[in-house]
Asks: 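Sharing a structure with you now.
Start at 1 with the first residue, then count along the sequence.
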Amino acid sequence: MITAPLAYLDDGSIAPPESPPGTQWTAIDVPAGVYRYYEAGDELPQIPIPPPAPSWAVFRLGMLGDPGFRRVVSYGEPIDQASLASEINKNEPDAPNVPALQLLWGLIVSLIPSSTAPTVFEVGSWNAIATEANIPFRFSPEGYLEV
């Protein structure tokens, strides 16, 4: 890469730098307003980095392999368990219906006797799985799914 200082012409355009012999320059017709030139010391605009896409496969594998998740699900009614399993096991890239997942999970958590409620460690594990998979919800300290 050859670097050289830029020269500005009278019309405001930039003149090509001194070139090695044999270099050819091609004129490019650029619509007005497409580019902005910055001087040394100018503050450059911050370009937002989009968040990574949710990885539902990572979330599914993490939750289904989590002993606390399996323990909590065991308290649910069979129909709720089947519905929850159906929502969680949708194939990538299909995201589960999050409001339905929230409702089903809430039904199951509400059936757990208070003496065996989700522990801080179980909820922390579920939140770590959701964070690792870039899933757009978390679990409350009581174990409920919060969007």
Asks: Is the backbone of T119 close enough, under 3.5 Å, to the side chain of E122 for a donor and an acceptor to pair up by distance?
Replies: yes

Asks: Atom CG of N127 and atom CD of E132: how far apart are they, to the nearest 0.5 Å?
Replies: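 It comes to 13.0 Å.
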
Asks: Carefully, step by step, assess F137 and F59 under the rule ring-ring contact (aromatic ring centres under 6.0 Å, His included).
Replies: CA-CA 11 Å; F137 54 73; F59 178 73; 5.5 Å; yes

Asks: Shortest non-hydrogen contact from W56 to V98?
Replies: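 Closest approach of W56 to V98: CH2-CG2, 4.2 Å.
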
Asks: Which residues pass the side chain to side chain contact (heavy atoms under 4.5 Å, CB included) test with S115, sequence neighbours left out?
Replies: P113

Asks: Please, which pairs that meet salt bridge (Lys or Arg N to Asp or Glu O under 4.0 Å) have at least one residue in residues 95-108, sequence neighbours excluded?
Replies: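 Those involving residues 95-108 do not exist here.
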
Asks: Where is the tightest heavy-atom contact between R71 and P118, given as atom of each residue plus distance?
Replies: NH2-CA, 3.6 Å

Asks: Please round to the nearest 0.5 Å and tell me the distance separating atom CZ of F69 and atom OG of S74.
Replies: 10.5 Å

Asks: Taking a hydrophobic cluster as the set of Ile, Leu, Val, Met, Phe, Trp and Tyr residues connected by side-chain heavy atoms closer than 4.5 Å, whether directly or through intermediates, do W126 and L107 fall within one such cluster?
Replies: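 Hydrophobic grouping puts W126 apart from L107.
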
Asks: Could you tell me which non-hydrogen atom of V123 sits nearest to which non-hydrogen atom of P141, and how far apart they are?
Replies: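 Nearest heavy atoms, V123 then P141: CG2-O, 3.8 Å.
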
Asks: Tell me whether I112 shares a hydrophobic cluster with V120, the cluster being built from Ile, Leu, Val, Met, Phe, Trp, Tyr side chains joined at under 4.5 Å.
Replies: no

Asks: Using modelled atom types and a 3.5 Å cut-off, is there a donor and acceptor pairing between side-chain atoms of E146 and backbone atoms of F139?
Replies: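 Side chain of E146 to backbone of F139, a donor-acceptor pair under 3.5 Å: no, none is there.
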
Asks: Which atoms form the tightest heavy-atom contact between I135 and S55, and what is the distance?
Replies: CD1-O, 3.9 Å

Asks: Determine, step by step, whether T131 and R138 satisfy the side-chain contact (heavy atoms from CB on, under 4.5 Å) criterion, reporting the C-alpha distance in whole Å, the side-chain angles of both residues, the deciding distance to 0.1 Å, and the verdict.
Replies: CA-CA 8 Å; T131 299; R138 298 291 169 258; 3.6 Å; yes

Asks: Is there a continuous path of hydrophobic side-chain contacts, each under 4.5 Å between heavy atoms, that joins L145 to Y75?
Replies: yes

Asks: Suppose we screen for side chain to side chain contact (heavy atoms under 4.5 Å, CB included). Which residues come up paired with V109, at least two apart in sequence or across chains?
Replies: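 Partners of V109 under the side chain to side chain contact (heavy atoms under 4.5 Å, CB included) test: V72, W105, Y144.
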
